K.L.:
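Input: one structure, supplied below.
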Amino acid sequence: MMDANLKKFIDAINSDVDRQIEEMLSEAEDKRTDILKNAETEALNEQYIRIRSAVTEAERKEKMTVSKEEQTSKINLLTHREELVQKIFRKVEEKIMDFVQTPDYEDYLLGLLENEKIHDNTVIFLKPDDMKYVNTLKETQRSNCVFTEEPSIKYGGLSIYDKSTSVLIDKTIDNMLDEEKKGFSSKYRLA
């Protein structure tokens with residue numbers, strides 16, 4: 001829709017400039033004929049230079065106006081796209097917040113620990129609200145791993161830190177959401 005409006009605007013400007021140029025050139029030709037009749041060649045050259053200058057100035061102004069309108073349209077489009085992306089991810093965040101309140105979330109946390117090598121030197125980080133699941137999570141482990149609060153986890157999930165190897169496995173929903181945002185931005189270029 002914006003591109004159609006911009007095209008109409010550009011066509012209108014081009015039409016007006018073409019008409020003005022035609023009028024200027026027509027006037028110039030009439031004056032040139034009169035001047036030639038009166039043998040005032042020098043005056044003809046002066047007038048022609050002025051008209052060419054006016055035409056050049058009109059063309060310059062048209063290009064500047066079109067360029068400004070194109071830039072404004074691009075900025076408006078990018079702003080609109082960014083607002084849509086923000087809206088999409090706000091909806092995703094709302095769905096995540098709803099999900100972590102369901103009984104399925106506990107099963108989700110248990111699933112994150114499956115197939116992970118958990119031992120006595122392992123620390124599992126949870127968001128403060130998820131500490132209520134520690135007993136259930138401990139029941140599935142055959143080690144004396146440590147569960148601790150991590151206030152930086154906003155949405156949920158967990159991180160597994162192996163103290164013996166200094167390896168951190170980030171299985172937080174926060175990290176997955178960040179990765180999703182990065183992937184979305186690169187797949188759907190907004191520039």
Side-chain angles (χ1 to χ4, degrees), residues 1-11 63-191:
M1 182 173 152
M2 190 163 304
D3 291 335
N5 289 338
L6 179 60
K7 175 110 175 76
K8 286 179 186 177
F9 177 76
I10 291 170
D11 290 345
K63 285 179 184 175
M64 190 180 335
T65 301
V66 168
S67 178
K68 283 181 182 178
E69 285 301 316
E70 285 176 344
Q71 186 175 14
T72 300
S73 293
K74 286 179 183 178
I75 289 169
N76 290 341
L77 179 63
L78 289 175
T79 301
H80 182 69
R81 284 182 180 175
E82 181 61 28
E83 288 169 359
L84 289 176
V85 168
Q86 294 295 332
K87 187 176 180 179
I88 288 168
F89 281 103
R90 275 195 302 275
K91 292 283 186 190
V92 168
E93 289 171 4
E94 288 172 13
K95 291 198 179 282
I96 289 170
M97 298 310 278
D98 290 343
F99 169 68
V100 299
Q101 302 301 319
T102 66
D104 293 336
Y105 179 61
E106 185 175 24
D107 292 335
Y108 172 77
L109 288 174
L110 289 167
L112 293 177
L113 291 176
E114 283 182 17
N115 302 319
E116 292 296 337
K117 295 179 181 176
I118 309 293
H119 49 78
D120 292 348
N121 286 330
T122 302
V123 178
I124 299 174
F125 296 102
L126 298 166
K127 77 175 184 175
D129 289 349
D130 289 350
M131 292 304 287
K132 62 188 174 195
Y133 301 114
V134 168
N135 290 334
T136 305
L137 295 171
K138 277 185 178 180
E139 290 174 9
T140 64
Q141 302 307 308
R142 295 187 178 145
S143 68
N144 290 322
C145 64
V146 176
F147 288 85
T148 187
E149 287 185 13
E150 178 52 58
S152 68
I153 300 174
K154 178 180 176 184
Y155 299 110
L158 51 83
S159 291
I160 304 166
Y161 178 66
D162 185 338
K163 289 193 273 186
S164 60
T165 61
S166 297
V167 172
L168 177 72
I169 300 171
D170 191 342
K171 291 186 164 192
T172 62
I173 295 173
D174 305 59
N175 184 51
M176 288 183 244
L177 184 60
D178 286 342
E179 292 299 318
E180 211 41 55
K181 285 179 182 178
K182 289 176 191 171
F184 186 86
S185 294
S186 65
K187 184 176 180 181
Y188 301 101
R189 296 221 182 263
L190 300 180

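No experiment lies behind these values; they were computed from the predicted model shown.
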K.L.:
For the atom pair NZ (Lys127) and OG1 (Thr172), what is the distance rounded to the nearest 0.5 Å?
P.N.:
11.0 Å

K.L.:
So which atom in Asn121 and which in Ser164 form the shortest heavy-atom distance, rounded to 0.1 Å?
P.N.:
ND2-CB, 3.9 Å

K.L.:
If you measure from CG on Leu109 to CG on Asp104, what distance do you get to the nearest 0.5 Å?
P.N.:
11.5 Å

K.L.:
Output the distance between atom CG (Asn76) and atom CD (Gln71), rounded to the nearest 0.5 Å.
P.N.:
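Answer rounded to 0.5 Å: 10.5 Å.
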
K.L.:
Inspect the contact between Glu114 and Lys171 and indicate whether a charged nitrogen and a carboxylate oxygen are less than 4.0 angstrom apart.
P.N.:
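No salt bridge links Lys171 with Glu114.
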
K.L.:
Nearest 0.5 angstrom please: Glu94 CD to Ile96 CD1, how far?
P.N.:
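Spacing of CD (Glu94) from CD1 (Ile96) equals 10.5 Å.
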
K.L.:
Could you grab the distance from atom NZ of Lys163 to atom CG of Asp120, nearest 0.5 Å is fine?
P.N.:
9.5 Å

K.L.:
Using the side chain to side chain contact (heavy atoms under 4.5 Å, CB included) definition, which of the options Asp170, Thr148, Leu158 pairs with Phe125?
P.N.:
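Exactly one option meets the side chain to side chain contact (heavy atoms under 4.5 Å, CB included) with Phe125, and it is Thr148.
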
K.L.:
Just so I know, are the side chains of His119 and Thr122 near enough to count as touching, which here means a heavy-atom distance under 4.5 Å?
P.N.:
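Yes. Closest side-chain heavy atoms under 4.5 Å.
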
K.L.:
For Tyr155 and Leu177, which heavy atoms make the closest approach, and how far apart are they?
P.N.:
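Looking at all heavy atoms of both residues, the closest pair is CE1-CD2, 3.7 Å.
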
K.L.:
Heavy-atom distance under 4.5 Å between the side chains of Leu126 and Phe147, does that happen here?
P.N.:
yes

K.L.:
I'd like to know whether CD of Glu149 has more than 12 heavy-atom contacts from other residues, nucleotides or ligands below 6.0 angstrom.
P.N.:
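Yes, CD of Glu149 has more than 12 neighbouring heavy atoms, counting only those of other groups under 6.0 Å.
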
K.L.:
Going by side chain to side chain contact (heavy atoms under 4.5 Å, CB included), Ile124 matches just one of Leu112, Leu113, Ile169, Val146. Which one?
P.N.:
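Per the side chain to side chain contact (heavy atoms under 4.5 Å, CB included) rule, the option paired with Ile124 is Leu113, out of Leu112, Leu113, Ile169, Val146.
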
K.L.:
Would you give me the side-chain donor-acceptor pairs under 3.5 Å for residues 128-136, sequence neighbours excluded?
P.N.:
residue	atom	partner	partner atom	Å
Asp130	OD2	Tyr105	OH	2.4
Thr136	OG1	Glu106	OE2	2.8

K.L.:
Roughly how far, to the nearest 0.5 Å, is CG of Asp174 from OG of Ser152?
P.N.:
7.5 Å

K.L.:
May I ask you to say whether Glu179 pairs ionically with Lys182, meaning some side-chain N is under 4.0 Å from a carboxylate O?
P.N.:
yes

